[in-house]
Amino acid sequence: MESGVGGTAPETAEKIGEDLIRRRQKLDQDELEFSQRAAKFAKTNEYMKSGCATPVDWIRINCHMTGPAAADRVIVGEQLQKLPESIQAMQSGEIGFAHVTAMSRTADVLERSDTACSFDERVLLPQARENTAGRFFYICRHARHAADPKGFAAEEAEQVENRSLKLSRWQDGSYLLSGVLDAAGGAALRTALEPLARRAGKDDHRKRDRRLGDAVVDLAMYALDTGHIPDHGSQRTHLQVTTSLETLMGLSGAPAAEMEHSLPISAKTVERLACDCSVTRILLSSDSMVIDVGRAKRVISGPQRKALNARDGHCVWPGCDRPATWTSGHHLVHWIHNGAGDLPNLCLLCYRHHWMVHEGNWQIVRSDDGRMLTIPPTTTFGPRPRGPD
């Protein structure tokens, strides 16, 4: 009731706020108990009696939840034994159920990885107390990278392999686009589209979806009109990546890097992006305060790139004929590992093969007679390239 009844004074905003906090804490406790029961249910075969594929599917249908929400409850219930201090902090109102969910998912992923360090809630709990649930989700991503950089990079590699885009033409000639991109790939597309999708003045009343659709067309038309496909090179759209030197060097325990419009990305992805890009020096103090910002410099200079184009002509991966305009400059020994910046240490790789060398863990080396040789990883992320016999 908004007003008093029978002489009762109306509630103040402060009282309403206090009541909201109490109710949320009660709901969090109910969610915790629900998660315990959900995990217990998931160990049974009851879900099969109604034809459901998984326990999560049964919970989703019968408890009127989304699939991700049902899966979260099962995972929280399964990880409770590893989170005694976090549960106590939630019950005392220091953190919420959303914090516990993020921590549980982190523990679950690390537990299932063969390359991860053991999970310890005490590393994350102080940050859960100090940050919102939304921010804590990103903190957990960094913690995952620090504890399991190989598993983190492998997950990114799997996302790339799951990229897909479908173009379906309807009877009226219009196109339907549907697809899935990995985090870094999606961020690259969004970075390219955002400037083109801004409102064009006060009289631009297009909705955002319409502006993004127009931006895709504008981007394609610009590339065609300027002749950038496939004969003439152009400077790539800049992506903003914030990383520590420890992450760039791939040191153990380093956090993931931050990329605009993306979830945190792995050291392997940063290494590829830093191969041939504009790098701006930003020095941070120990408390993450910016203390110096230097000028951007080109890792591979303009004259060097022209020389590379003239020497290589196309992607040097054996059997690949992608033209130079569709390639990136690659350091055979990365500059972060003291690789030289001269032409003998540089080559052209198309975007796909450049990714394979960094995130895909292939190796490419130049033999004494100048041929490029490729060495596959233990686990490959795509078809073997053709090479000279």
Side-chain angles (χ1 to χ4, degrees), residues 19-113 116 119 121 124-125 127-129 131-145 148 151-152 155-156 158-159 162 164 178-183 186 209 256 261-264:
D19 183 59
L20 285 175
I21 293 173
R22 285 193 298 269
R23 289 176 182 270
R24 185 66 259 173
Q25 290 177 348
K26 177 61 168 60
L27 288 172
D28 282 352
Q29 183 59 43
D30 289 343
E31 289 277 28
L32 194 64
E33 294 174 2
F34 181 93
S35 298
Q36 290 176 308
R37 303 294 290 176
K40 188 174 182 179
F41 177 83
K43 294 179 180 179
T44 72
N45 294 325
E46 182 65 23
Y47 67 95
M48 299 176 66
K49 296 180 180 179
S50 56
C52 292
T54 65
V56 169
D57 199 37
W58 187 97
I59 295 171
R60 175 183 66 83
I61 295 171
N62 291 279
C63 298
H64 312 295
M65 303 171 69
T66 64
D72 280 346
R73 273 48 175 194
V74 172
I75 290 175
V76 170
E78 291 174 342
Q79 297 298 327
L80 285 184
Q81 298 298 321
K82 299 183 179 67
L83 305 172
E85 295 183 25
S86 300
I87 300 305
Q88 184 177 357
M90 193 204 78
Q91 292 173 335
S92 63
E94 298 176 76
I95 63 175
F97 181 78
H99 291 91
V100 174
T101 299
M103 206 176 300
S104 298
R105 294 194 71 89
T106 303
D108 178 68
V109 171
L110 295 180
E111 183 181 84
R112 289 186 284 106
S113 173
F119 176 79
E121 66 169 335
L124 288 172
L125 184 54
Q127 297 186 74
R129 291 189 175 105
N131 291 275
T132 64
R135 178 58 189 159
F136 185 63
F137 170 81
Y138 282 85
I139 291 172
C140 286
R141 294 283 298 184
H142 284 288
R144 280 184 55 192
H145 185 278
D148 187 20
F152 197 103
E155 183 179 285
E156 287 184 331
E158 183 178 359
Q159 288 182 4
N162 288 332
S164 68
S178 62
V180 176
L181 295 177
D182 61 294
D209 288 352
H261 306 313
S262 171
L263 294 176

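Values reported hereafter were calculated over all heavy atoms of this structure, with side chains retained and with hydrogens, waters and symmetry mates removed.
The backbone N or O of Leu125 sits nowhere less than 3.5 Å from a side-chain atom of His99 that would complete a donor-acceptor pair. Proximity of a side-chain donor or acceptor of Glu121 to a complementary backbone N or O of Ser86 within less than 3.5 Å is detected. For the pair Asp28 (side chain) and Phe97 (backbone), a donor-acceptor distance under 3.5 Å is present.
A salt bridge does not link Arg144 to Glu156: none of the charged side-chain nitrogens sits closer than 4.0 Å to a carboxylate oxygen.
Tyr138 places none of its side-chain heavy atoms less than 4.5 Å from the side chain of Asn131. Put simply, the side chain of Val109 reaches to within 4.5 Å of the side chain of Arg112, judged on heavy atoms. Counting only heavy atoms from C-beta outward, the side chains of Val180 and Asn162 never approach each other to under 4.5 Å. Taking 4.5 Å as the limit, every side-chain heavy atom of Leu20 sits out of range of all side-chain heavy atoms of Arg24.
Ser113 approaches Asp148 most closely through the heavy-atom pair OG-OD2, 2.6 Å. Minimum heavy-atom separation, Arg141 to Phe152: O-CE1, 3.4 Å.
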Give every donor-acceptor pair under 3.5 Å between a side-chain atom in residues 38-47 and any protein atom, sequence neighbours left out.
unit_1	atom_1	unit_2	atom_2	d
Thr44	OG1	Phe41	O	2.7
Thr44	OG1	Glu46	N	3.4
Glu46	OE1	Lys49	NZ	3.3

Can I get a per-line list of side-chain donor-acceptor pairs under 3.5 Å for residues 66-83, giving both atom names and the distance, sequence neighbours left out?
unit_1	atom_1	unit_2	atom_2	d
Thr66	OG1	Ala69	N	3.3
Asp72	OD1	Arg105	NH1	2.4
Arg73	NE	Glu31	OE1	3.1
Arg73	NH1	Ala69	O	3.2
Arg73	NH2	Glu31	OE1	3.4
Arg73	NH2	Glu31	OE2	2.8
Lys82	NZ	Glu111	OE2	2.5

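Qualifying side chain to side chain contact (heavy atoms under 4.5 Å, CB included) partners for Gln88, counting only residues two or more places apart in sequence or in other chains: none. With sequence neighbours left out, the ring-ring contact (aromatic ring centres under 6.0 Å, His included) criterion links His142 to no other residue.
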Q. Taking it one step at a time, do Lys26 and Arg22 satisfy side-chain contact (heavy atoms from CB on, under 4.5 Å)?
A. CA-CA 6 Å; Lys26 177 61 168 60; Arg22 285 193 298 269; over 6 Å; no

Q: Run the numbers on Met90 and Gln29 for side-chain contact (heavy atoms from CB on, under 4.5 Å), then give the verdict.
A: CA-CA 8 Å; Met90 193 204 78; Gln29 183 59 43; 4.1 Å; yes

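Separating the CZ atom in Phe137 from the OG1 atom in Thr101 is a distance of 11.5 Å, to the nearest 0.5 Å. Atoms CD1 and OG, from Ile87 and Ser104 in turn, are 6.5 Å apart once rounded to the nearest 0.5 Å.
Sorted by first and then second residue, the salt bridge (Lys or Arg N to Asp or Glu O under 4.0 Å) pairs with a member in residues 53-64 read Asp57-Arg60; sequence neighbours excluded. Annotation: salt bridge (Lys or Arg N to Asp or Glu O under 4.0 Å) contacts involving residues 83-98, sequence neighbours excluded, comprise Glu94-Arg129.
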